[in-house]
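Remarks on the structure that follows.
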Amino acid sequence: METKFIDLTNIKGQQRVVEEKVQMAADIICRGGLLAIPTETVYGLGANALDPDAVRRIFEAKGRPQDNPLIIHVPSAQWLPRFCQDVPPLAYTLARNFWPGPLTMILKRKPVVPDATTAGLDTVGVRCPAHPVTLAIIRYAGVPIAAPSANTSGRPSCTTAADVAEDMSGRIDGIVDGGPCTVGVESTIVDLTVTPPRLLRPGGLPLEDLQRVLGEFEVDRAVTAPLKDGEQPKAPGMKYRHYAPKAPVTVFTGNPRRTAQAMAQQLGEGTGVICFDEFASLFQGHETHLLGPAADKEIQAQRVFDALRTFDGSGVTEILAQCPDNRGLGLAIGNRLKKAAGFHVVDVEDENIVLGITGGTGAGKTSALRAIEDLGGLTLDCDAVYYELLNADPALRSAIAGAFGAEVFEANGTLNRKALGEMVFGNADRLDQLNDIVFRFLRPELERRIAAFPGKLCALDAINLFESGIDKLCDCTVAVTSPVELRVRRIMERDGIDEKYARLRISAQQQDDYFREKCDRELSNTAQTPREFRETAREFFARLIEQIKEDKANGRK
């Protein structure tokens, strides 16, 4: 079969030529032919969605399993009632917000849509692509176009007409060149026939954007794991190994710097690499395709299929690939990489995020620490850890006894805090000597406890955060501050003491300006209740944690 090439790039101002070429493309659809069409996501292999014979030719050309349903493409939401029944109002709301665009909606089909298109399901996926050429072809043809990605089944999807020609030349009637795809990954698919709606495939419409309009929805298990044998997919991309180059792929998830290091340790003679731009230097001497900067998921989406396809022209025997996190387009990119790998994934443990929390009494440190626990964090009270060490570490007790005499310990081995206090309080040199001993034992114990929870958010509560050197363990230090009058009131209520004693306790400690100067961030507490401040602190730490993660991912920390 001769494949006709229809070039619709770089023809601005040639309206007559455009109309002739669009009509030529539409004629292929109308007579039951197969036509590769451009969209903003990937190139599609199109046929008249209402013609069962034409649709069956799609499956033959691609080598696509017959139980894998197709998406039909329409020019506007006005076409929905023609092919779908019981269309919910939510479908029109989503269409107003995201069509034309990379969103496919699963709806109940009308009998006019044949079983060949839906793989026998009573539902059909519908989308309106954001590409003027394809929209014009659909309107000229006057029928919806069924169009899976225009690649051989199982291979990476095509994002240029040249990719399509590589896979489909001689198998189909025509290829329309509308330029490279701007999104680069297929559409997001959401099932509106269930309550709540269900995400079946992440794609070019980020979940965060969808959620703002959709509200509550569920994520299908097939997004993160393969379907079991015998399960029929409700939408494309759910069941089979997709997007796969010839060489086996292993995907590495986690902090970008750590995943790059883990990949570098597993390089073999025939290893190819897909990595973020920042880490290319780790893979010199190996065929490497850059996915884009670690923070730029739009670029990654545009490059992911090209990176996978390009390896088929090389001699690599395996491919190691970095994977972005699940935020924004990252979920779709990761989904494609994991399907290319047959879900062969190495989850590289993230580094701990360690926060140092300090501030004067009554400022609200306890509420701030509870907020960190609300976020799943581990909190360590450094004073409490010190007293635990006194009971458990003979070397610490021996060091204190050697410096201050055995009389600072009771006969049963417990510390006589009064006796030790009389020696050090009021004597700066002796206090420094005690602190040097305590800090020498405390810091490695904190390091050990943090290391026991890899990848965990940890917060260290320490009034002497900087004097002890514990700040060196922290990714960020936070001063919890509060106006003196509020602190006085809180201490009086909390400890049942009078105002004079409360003010004495505050004056005996470092003041807020000291903590502001020393710490990386300030969390100011002007709340009237602990609960109110805990909510404020939770929002503060959630933002801070995301910033730290981003800084680490981009090598800024």
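Numbering starts at 1 and runs along the sequence shown.
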Q.
Closer than 4.0 angstrom, basic N to acidic O: yes or no for K297 and D325?
A. yes
Trace of the side chain to side chain donor-acceptor pair (under 3.5 Å) decision for T117 with R109 | CA-CA 11 Å; T117 300; R109 66 156 167 153; over 6 Å; no
Using a distance-only test with no angle check, is there a side-chain donor-acceptor pair under 3.5 angstrom linking [X] and [Y]?
| X | Y | value |
| --- | --- | --- |
| T41 | R127 | yes |
| T250 | H344 | yes |
| D296 | Q300 | no |

Heavy-atom side-chain contact between [X] and [Y] under 4.5 Å:
| X | Y | value |
| --- | --- | --- |
| I138 | P144 | no |
| Q211 | F217 | yes |
| F279 | M263 | no |
| P156 | N151 | no |
| F59 | R64 | yes |
| R303 | H289 | no |
| R171 | T152 | yes |
| D163 | Y43 | no |

- Heavy atoms of other groups near Q261 CD, more than 12 under 6.0 Å: yes
Note to self: I'd like to know whether CZ of F5 has more than 12 heavy-atom contacts from other residues, nucleotides or ligands below 6.0 angstrom.
What the structure shows: yes
**OP:** Applying side chain to side chain donor-acceptor pair (under 3.5 Å), run through S187 and T104 and close with a yes or a no.
**Re:** CA-CA 6 Å; S187 61; T104 295; 2.8 Å; yes
I'd like to know if the side chain of [X] and the backbone of [Y] have a donor-acceptor N/O pair within less than 3.5 Å.
| X | Y | answer |
| --- | --- | --- |
| K62 | S149 | yes |
| R57 | G32 | yes |
| S314 | T310 | no |
| T271 | E318 | no |
| D173 | L34 | yes |
| T259 | T253 | no |

Hits for ring pair (Phe, Tyr, Trp, His ring centres under 6.0 Å) against H286, two or more places apart or cross-chain, chain-then-number order -> none
With sequence neighbours left out, the residues meeting salt bridge (charged side-chain N to carboxylate O under 4.0 Å, His left out) with R198 are E218, D220
First locate atom [atom1] of [X], then atom [atom2] of [Y], and finally report the distance between them rounded to the nearest 0.5 Å.
| X | Y | atom1 | atom2 | answer |
| --- | --- | --- | --- | --- |
| R155 | R309 | CZ | CZ | 4.0 Å |
| I372 | F541 | CD1 | CZ | 4.0 Å |
| I145 | I29 | CD1 | CD1 | 4.0 Å |
| F283 | T288 | CZ | OG1 | 7.0 Å |
| L205 | E186 | CG | CD | 14.0 Å |
| L308 | K339 | CG | NZ | 14.0 Å |

| field | Any pair counted as side-chain hydrogen bond (donor to acceptor under 3.5 Å, both in side chains), so long as it reaches residues 72-88, sequence neighbours left out | value |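 Matches after skipping sequence neighbours: none remain.
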Check your understanding: Could you go step by step and tell me if R16 and E20 meet the salt bridge (Lys or Arg N to Asp or Glu O under 4.0 Å) rule?
Key -> CA-CA 6 Å; R16 182 175 177 180; E20 289 177 353; 3.5 Å; yes
Closest heavy-atom pair, V42 versus G184, reported as atoms and distance to 0.1 Å, is CG1-O, 3.8 Å
